[in-house]
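A short write-up of the structure that comes next.
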Amino acid sequence: MKMFKVTMLSTAVALAALPSVSFAQDTVISVIKPTPRSAVFFPLVVGEALGYFEDEGITVNLLPSDTSIPYVAFIQNGQADLAMLDPNETINAINAGANINTVYEVMQNAPEGIAVLAGGEYTSMDDLVGTTVGLVSDRDRAFLQAALDIAGHSIDDVQTVVLGESGPTLAAAIRDGNVSAISGSVFDWAALVANGIEIDTVTPEELLASPANTLAMNADMIEEKREAMEGFFRAWSKGMHVGATNPDAVEAMLRAAVPEEWEVEAAGVGLFQGVLPMNISTTERMGDLQADVWTSVQPRMLSSGAIKNVVDVSTFLNDTYIDAANDFDKAQVEAAAADWLEAN
Amino acid sequence: MAVQDATSEALVDTLERSLRNRRIAKHVGIFLTLTLLWELGSRMGWLDPLFYPRPSNIIRSFWLIYFQNANVWFHLYSTISLVILGWVLGSMLGIGLGALVGFNTVIRRFLKPYVIVLEATPRIAVAPLLIAALGFGVNSKLAIIMLVCFFAPFINTLSGVINVNEERLELFRSMRASKTQILRKLVLPDAIPVIMAGERLALTAALSGALVAEFIQRDKGIGSLILVYTRNLNMASAFACIFTLTIIGFLIFKGMEKLDHYIAYWKYEGGRERMSAKRKRTMVEP
Amino acid sequence: MSDQPIPLSGRILDIGVRFLPHLVLFAVIIGAWEISVATGLITSIIIPRPSAIWSAIVELYITEGTIYRHFFITLTEAVVGFAIGAGVAVSLAIASSLWDPFRRYVTPYAVVLNVTPGIALTPVIIAWFGYGMGSKIALAAIISFFPIFVNTLTGLVQVDEDREELFNSLGASNVQVFRKLRAPAALPLMFAGFKIGLTTALIGAVVAEFAQATDGVGVLMSRFSFQLNMAASLATLLSMTVIGLILFYSMEFLDDRIVFWRRESRRAAASRARARTWAAQAKK
């Protein structure tokens, strides 16, 4: 009886010790962004499917949240390691005293735009004068204002109405002509297109170059989390690379990981084709921070009231992780993706 | 004599049951007719597919999300457990505070302004702040649900405790009943129907509170699933999720009704007769 | 019992004494908050100093007056929505209490409407009622319907068997039983339902505003939140509370006036008033 108890005890202790031995401390990186795992940010899905995050010893903990929560609060209190912010959100946060650094540009072509019904009566920004333009949310007003400014008009030349994020409301608004155009982003109208509502964009060229959905973190943590962060962004960049070289593999991975988005075939395909180019960096180094673009977009943000003060970009743009993130064997990644596609 | 009573009892029971079945059949019939009309309207192009997806597509979605992809179970479990837990906690808090405040005038005086202010504020506006303060995860979601479903039980308990029948109170006092006796035999029985009414409201509030929490924290739950589907204009699946919630809510509600009839039987017509008949039956059998 | 009116100075002193403990408690809380943020005890970006909130309030209400339009819009949405919801709810509850079959048919659909999450209904509601105040009023009405319906129905259905026997033995008709027994007995519960329904209507209006709106206190709050102007955001939240308080106290006032026999003092005052009238009549 005594022997039995001793054996049980020692087995229990051994089992308890096992996890800490077999799994070397996996770092958890929490990212707060508006969407759950989705085609919209496919490098995450690809990186997880090919095990790149795992290789770096990282588990990604996604915190999908509505933008009514101030994301910055989460980086400050340590609940999130990375927050996905648009340039105006970043500037506002810095103006409010948050000590953050932007370390990676997930998208370098602004997904935002002004959409009109294809083949309809509105074909340019000038046509919108005197009409009612729909906004997906209150914050899209600033973008509309910038677009009108560039086209030589002012925000007072149009009526605006906030439509909300709900798909059906947006679709009905533009299809029935309740609004002449919608100021929103490619995510909002990808589903429209997929459901038979063809649209064109009339966005002025100058606005297309703005970075969007950039990842920022607490500046004090840059060195402390260096290893994990470099690993995270390396895995992300690898995912991005697969998107650039083997879209079919990406599509297959998305179908497996997020079946909800592919239930209606056309919607899934439409969304994927829309977001694919957005997630691929145009700079030489993937995810690189374009200081000149950040500097040039601030004046129009200031004039449209989106930000209170202009901030010197050198104070928060930090490319310290970029080199490490790009440090991988491209051919190997391409091969792995091709293999995955074969096997699945 | 006893045998005759038993047979007539059985007869009444069967009659009641057949009446109930006919009523259920009527409801089902109405539902089916409406569904057929909807399907027809959709096929004829009268109903906008954006807002009224075709019933056949909704059924297909049910199949997809429950069996083929089976992705709904995980979210369903998450939402239901949140609702129940939040409701229980919120009710306990509401009833406890309601009783405390009802009996103690000093606490009532001091707590009143803050409770009123808290109640007057729409809780959905407080939700983002709660999440930012309590962090991401179950805690903040529970806090939101508790905040939302706490008030109905609180107010109803308070009302039930305060609105004591004056004459009966006099009667009890004249018979020199102790405070505990007054509580158990007068206040509590009078308050129970009111409290139960508050509980039902709390349950539906808990469901909508859970959804609000999931709309903001979109990691899991039926709420976040609905968001994904409406974003992709997959209205059929969105409706499938909404109907799932409706069905669950309905089942829970009916359950609450049964509970109410059982606990506060004396307030319902014929309730007392049924209870005494039941008691008589158990007493007669040796 | 002298009928002399209490002197004004006495009354003011009385009110002051009653409010004093509350004021002290409130001042302590605010003071502690201000000190915590100033000394760095609380460092979150989302918790502004009370002084910052105060200056935001001044700016919103006095200096720039941005809030009034939104305030009025949300208030109207809540009140109109409540009126519609209450009207329908009370009518259906009365009908349900009088005819059992009606109750059995209406209750399931009321329940179904209630458990269907309001947020999920918003696309359809917006489609039917437009992008303006209409959809917010509609959602407010729909959401406030159920608490009022449930409470009124419960109040009407609960039966004081002895009293009902008394009425029946005196040969009272159904209408008389309703008017003189059930309706008055149901009033306390009904007004409890009104109080809940009114605040619920405000919630419905705000929920609809968060989903889609161009104007309203909800929109204003999220606008400030997004710009990380948390002081203004909280100031707007307080405005929402003010709206709720206005609604709540209006209902309390009505409750007091109408459900008077539950309050001893009012009953005594009413009998005193009646005594005076009779005395005046007798003198003539």
Side-chain angles (χ1 to χ4, degrees), chain B residues 23 26-27 48 50-52 109-110 113 116-126 128-129 132-133 148 151-152 155-156 159 162-163 166 193-194 196-197 200-201 204-205 207-208 211-212 215 223 226 230 235 238-239 241-243 245-250 252-254 266-269 272, chain C residues 18 21-22 25-26 44 46-47 104-105 108 111-112 114-121 123-124 127 143 146-147 150-151 154 157-159 161 188-189 192-193 195-196 199-200 202-203 205-207 210 217-218 221-222 225 233-234 236-238 240-249 262 264:
Chain B
R23 259 185 239 134
K26 262 191 241 168
H27 278 293
D48 190 340
L50 276 182
F51 301 109
Y52 315 104
R109 201 154 22 110
F110 271 105
I116 292 178
V117 162
L118 203 56
E119 188 203 354
T121 318
R123 266 80 70 189
I124 185 180
V126 184
L129 299 173
V148 167
F151 283 103
I155 288 184
N156 276 26
S159 166
I162 289 181
N163 290 326
E166 301 282 340
V194 187
M196 288 302 287
R200 286 150 95 176
L201 293 174
T204 33
L207 188 58
S208 61
L211 273 151
V212 167
F215 269 48
I226 293 177
T230 41
M235 299 316 290
F239 266 64
C241 293
I242 294 173
F243 285 149
L245 285 171
T246 310
I247 294 171
I248 294 173
F250 193 79
I252 295 180
F253 190 85
K254 276 293 172 191
W266 59 89
K267 284 298 184 188
Y268 293 95
E269 291 188 38
R272 278 189 212 161
Chain C
R18 260 197 296 155
H22 294 296
L25 184 61
F26 187 68
S44 171
I46 57 157
I47 302 185
R104 269 191 279 268
Y105 273 109
V111 172
V112 165
N114 184 55
V115 296
T116 308
I119 298 184
L121 293 173
V124 180
I143 294 190
F146 198 73
V150 162
N151 268 29
T154 311
V157 153
Q158 73 188 1
V159 163
E161 309 239 339
L189 210 56
K195 282 189 208 166
I196 298 177
T199 31
T200 314
L202 177 61
I203 293 176
V206 172
V207 166
F210 277 149
V217 182
M221 185 179 167
S222 51
S225 224
S233 180
L234 281 175
T236 318
L237 179 66
L238 285 173
M240 239 187 254
T241 310
V242 169
I243 296 179
L245 287 173
I246 293 177
L247 296 174
F248 181 77
Y249 276 110
R262 286 288 179 206
E264 276 201 58

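Every value quoted in this text rests on a predicted model; they were computed, and no experiment measured them. A, B, ... follow the sequence lines: proteins, then strands. Residue 1 opens every chain.
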ask   = Going from OG1 on C/Thr200 to CZ on B/Arg123, what distance comes out if it is rounded to the nearest 0.5 angstrom?
value = 7.5 Å
key: Pairs of heavy atoms under 4.5 Å with chain C: top-ranked of B/Ala125, B/Ala205, B/Ser208, B/Ala152   = B/Ala125
inquiry  = Could you tell me if the side chain of C/Ile203 sits less than 4.5 Å from the side chain of B/Val148, heavy atoms only?
reply    = no
task = Check each atom of B/Asn156 against the heavy atoms of chain C and say whether the ones under 4.5 Å are side chain, backbone, both or neither.
result = side chain
key: From CG (C/Leu234) to CG (B/Leu129), nearest 0.5 Å   = 5.5 Å
ask   = Measuring heavy-atom distances to chain B, does C/Phe210 have an atom under 4.5 Å in its side chain, in its backbone, in both, or in neither?
value = side chain
query = For C/Met221, is it the side chain, the backbone, both or neither that has a heavy atom under 4.5 Å from a heavy atom of chain B?
reply = side chain
note = Max heavy-atom pairs within cutoff under 4.5 Å with chain B, candidates C/Ser225, C/Pro21, C/Gly218, C/Ala192, goes to C/Pro21
task = Can you tell which part of B/Phe151 gets under 4.5 Å to a heavy atom of chain C, answering side chain, backbone, both or neither?
result = neither
note = Heavy-atom closest pair (C/Arg104 atom, B/His27 atom, distance to 0.1 Å) is O-NE2, 3.8 Å
inquiry  = Quick check on B/Phe215 against chain C: is it the side chain, the backbone, both or neither that has a heavy atom closer than 4.5 Å?
reply    = side chain
inquiry  = With rounding to the nearest 0.5 angstrom, report the OG1 to CG distance, C/Thr241 to B/Leu118.
reply    = 8.5 Å
task = Measure C/Thr116 against the heavy atoms of chain B and call it side chain, backbone, both or neither at under 4.5 Å.
result = both
ask   = With a 4.5 angstrom heavy-atom cut-off, which part of B/Lys254 approaches chain C: side chain, backbone, both or neither?
value = neither
task = Please look at C/Ile243 and chain B and tell me whether the side chain, the backbone, both or neither of the residue comes under 4.5 angstrom of a heavy atom of that chain.
result = neither
Engaged part of C/Leu189 at the chain B interface, taking heavy atoms whose separation is under 4.5 Å = side chain
request  = Under 4.5 Å heavy-atom distance to chain C, tell me which part of B/Leu207 shows up: side chain, backbone, both or neither.
outcome  = side chain
inquiry  = Looking at every non-hydrogen atom in both residues, tell me the closest pair between B/Ala120 and C/Thr199 and how far apart they are.
reply    = CA-CG2, 4.2 Å
task = Of all the heavy-atom pairs spanning C/His22 and B/Phe110, show the shortest one and how long it is.
result = CE1-CA, 3.7 Å
query = Using non-hydrogen atoms only, which part of C/Phe26 is less than 4.5 Å away from chain B: side chain, backbone, both, or neither?
reply = both
